[in-house]
2 protein chains.
Amino acid sequence: MPRTKAKAGEFKRSPCPVANTLDVIGDKWSLLVIRDLFAGKTIYSEFQVSPEAIPTNILANRLTRLIEHGLVEKSAYQERPVRYAYTLTQKGRELGPVLLEMVKWGEKYFPGSKAMMKK
Amino acid sequence: MPRTKAKAGEFKRSPCPVANTLDVIGDKWSLLVIRDLFAGKTIYSEFQVSPEAIPTNILANRLTRLIEHGLVEKSAYQERPVRYAYTLTQKGRELGPVLLEMVKWGEKYFPGSKAMMKK
DNA sequence: TATAGTAACTTGCAAAAAGCAAGTCACTTG
DNA sequence: CAAGTGACTTGCTTTTTGCAAGTTACTATA
């Protein structure tokens, strides 16, 4: 029997804001999806063609997780066939500074790497 | 046959600084160890008593990874018995701003969470 | 109308990483 | 010399990843 699905934020492993933040975005992929959203990408296939080549099942999983945590919204932008656009919520956009600091650090310590983020 | 051990930074999944940064600290635990180092912790047992209760094998693994990536240094601070102190390198300390932004975001979106980081 | 194509996922399964408990090693202390 | 302690390591089960193939709902073409 699968265990009961936990709602976003229901369990906390600690009272530390860093730990709580990591429980939402602490993995190899979530912040890359958010980076793409900042870069203006909105549809499934756009995320797939990023240079890191995220596996499709992981992408689907991360998008629903980000929605559950309230960082991303999904809305149909056309019918027949229905197509969805993913966009950042205010909560998601407020991760911009985190991303920005990672860009700075990454550009400094991985020479040759270069951000392509929109502001 | 186990595959050849990759040196830190040898392979890159993309030219993006965010992706490269995540390859170093993109998991649930690494930044918590770094947080503890910022908080002044230096020895193994101190990291273990943090509220998140990191499993001992994961702690050992993360410390060596952080050393391999040049974010942390290990030095004996006493002989008989030999005891080691872990400290941040300059490269590691420069992750401070990333941590700081996570603290801000976490404090905003996880009411009740409160940072205990030293500056 | 049948055939092919496409976007957006879902499913199945093997491999890698995480997590828990117990064990080891080098000492120190009573 | 028996017990204790800090710092890990090992073994094993569970969970998460990652790859590939399959599915669904349409559209476009012959």
Side-chain angles (χ1 to χ4, degrees), chain A residues 1-6 11-14 19 22-33 36-37 41-69 72-87, chain B residues 1-6 11-14 19 22-33 36-37 41-69 72-87:
Chain A
M1 190 166 96
R3 67 175 159 193
T4 308
K5 192 190 290 181
F11 302 118
K12 291 185 182 181
R13 57 175 167 161
S14 94
L22 290 172
D23 283 340
V24 179
I25 55 159
D27 71 276
K28 269 176 58 181
W29 297 108
S30 297
L31 276 174
L32 295 184
V33 173
D36 284 351
L37 287 160
K41 297 187 176 184
T42 59
I43 69 175
Y44 200 87
S45 54
E46 287 179 313
F47 302 112
Q48 288 189 295
V49 298
S50 288
E52 297 83 12
I54 184 170
T56 178
N57 56 336
I58 304 287
L59 174 57
N61 174 274
R62 291 306 186 276
L63 285 170
T64 60
R65 283 201 55 207
L66 291 174
I67 290 167
E68 284 169 4
H69 285 290
V72 169
E73 278 173 346
K74 179 182 188 174
S75 58
Y77 69 90
Q78 72 165 50
E79 305 290 326
R80 348 220 83 235
V82 198
R83 292 283 185 251
Y84 298 98
Y86 297 90
T87 49
Chain B
M1 191 168 95
R3 68 174 158 193
T4 309
K5 192 191 290 183
F11 302 117
K12 293 184 184 184
R13 57 175 166 161
S14 95
L22 290 173
D23 283 339
V24 179
I25 53 159
D27 71 277
K28 270 176 56 181
W29 296 109
S30 297
L31 276 174
L32 294 184
V33 173
D36 284 352
L37 287 160
K41 297 187 177 185
T42 59
I43 68 176
Y44 200 86
S45 53
E46 288 180 311
F47 301 112
Q48 288 190 295
V49 298
S50 288
E52 297 84 12
I54 185 170
T56 178
N57 56 336
I58 305 287
L59 174 57
N61 175 273
R62 291 308 186 274
L63 285 170
T64 60
R65 282 201 56 207
L66 291 173
I67 289 167
E68 284 170 4
H69 285 290
V72 170
E73 279 172 346
K74 179 182 188 174
S75 59
Y77 68 91
Q78 71 165 48
E79 305 290 328
R80 348 222 86 238
V82 197
R83 294 283 185 249
Y84 297 97
Y86 298 90
T87 50

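Residue numbers start from 1 in every chain, and the chains themselves are labelled A, B, ... in the order their sequence lines are given, proteins ahead of strands.
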K.L.:
Let me know the distance between CD1 of A:I58 and P of C:dT10, rounded to the nearest Å.
P.N.:
13 Å
K.L.:
Specify the separation, in whole Å, of atom NZ of B:K28 and atom P of C:dA18.
P.N.:
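Computing the B:K28:NZ to C:dA18:P distance gives 9 Å.
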K.L.:
Between C:dA18, D:dA7, C:dC9, spot the one nearest the side chain of B:R62, thanks.
P.N.:
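Of C:dA18, D:dA7, C:dC9, C:dA18 is nearest to the side chain of B:R62.
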K.L.:
Quiz question: by atom type and distance under 3.5 Å, do the side chains of B:T56 and B:Y44 form a donor-acceptor pair?
P.N.:
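Yes, B:Y44 and B:T56 have a side-chain donor paired with an acceptor closer than 3.5 Å.
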K.L.:
Where each residue is assigned the nucleotide of DNA chain D containing its nearest heavy atom, which of A:A53 and B:A60 is assigned the position nearer the 5′ end?
P.N.:
B:A60
K.L.:
Just checking B:Y86: base, sugar-phosphate only, or nothing, at a heavy-atom cut-off of under 4.0 Å?
P.N.:
sugar-phosphate
K.L.:
What integer distance in Å separates A:I54:CD1 from D:dA20:P?
P.N.:
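One finds 16 Å between P of D:dA20 and CD1 of A:I54, rounded.
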K.L.:
For the pair made of CD in A:E79 and P in D:dT27, what is the distance, rounded to whole Å?
P.N.:
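Going from A:E79 (CD) to D:dT27 (P), I get 11 Å.
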K.L.:
May I ask you to verify if any side-chain N or O of B:K74 is less than 4.0 angstrom from the OP1 or OP2 atom of D:dC8?
P.N.:
yes
K.L.:
Tell me whether the OP1 or OP2 atom of D:dG6 has a side-chain N or O from B:Y77 closer than 4.0 Å.
P.N.:
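For D:dG6, neither OP1 nor OP2 has a side-chain N or O of B:Y77 closer than 4.0 Å.
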K.L.:
Quick one: is D:dC8 close enough that its OP1 or OP2 comes under 4.0 Å of any side-chain N or O from B:T56?
P.N.:
no
K.L.:
Taking the side chain as everything from C-beta on, heavy atoms only, tell me whether A:L59 gets closer than 4.5 Å to A:F47.
P.N.:
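Yes. Closest side-chain heavy atoms under 4.5 Å.
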K.L.:
I need the B:D36 CG to B:W29 CH2 distance, nearest 0.5 Å.
P.N.:
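Nearest 0.5 Å value for the CG-CH2 distance: 10.5 Å.
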K.L.:
If I take atom CD in residue B:Q78 and atom P in nucleotide D:dA7, what distance separates them, rounded to the nearest angstrom?
P.N.:
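Nearest whole value for this atom pair: 9 Å.
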K.L.:
Could you tell me whether A:I43 contacts a base, only the sugar-phosphate backbone, or nothing, with contacts defined as non-hydrogen atoms closer than 4.0 Å?
P.N.:
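Sugar-phosphate: the residue A:I43, judged by heavy atoms under 4.0 Å, touches backbone atoms but no base.
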K.L.:
If I take atom CG in residue B:L59 and atom P in nucleotide D:dA7, what distance separates them, rounded to the nearest angstrom?
P.N.:
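Between P of D:dA7 and CG of B:L59: 10 Å.
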K.L.:
Taking only side-chain N and O atoms of B:S45, does any of them lie within less than 4.0 angstrom of OP1 or OP2 on D:dG6?
P.N.:
no
K.L.:
Return no unless some side-chain N or O of A:W29 is found under 4.0 Å from OP1 or OP2 of D:dG18.
P.N.:
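A:W29 to D:dG18 OP1/OP2: side-chain N or O found under 4.0 Å.
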K.L.:
By nearest nucleotide on DNA chain C, pick out whichever of B:R83 and B:P55 is the more 5' one.
P.N.:
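Looking at the nearest nucleotide for each, B:P55 comes out on the 5' side.
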K.L.:
Is it the case that A:T64 and A:K74 place a side-chain donor and acceptor less than 3.5 Å from each other?
P.N.:
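A:T64 vs A:K74: no donor-acceptor pair found between side chains.
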K.L.:
Check the distance between D:dG18's P and A:E52's CD and give it to me in whole angstrom.
P.N.:
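Distance check: A:E52 CD to D:dG18 P gives 12 Å.
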K.L.:
In whole angstroms, how far is the C1' atom of D:dT23 from the CG atom of A:N57?
P.N.:
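Value for this atom pair: 15 Å.
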K.L.:
Are the side chains of A:K28 and B:D27 in contact, using a 4.5 Å heavy-atom criterion?
P.N.:
no
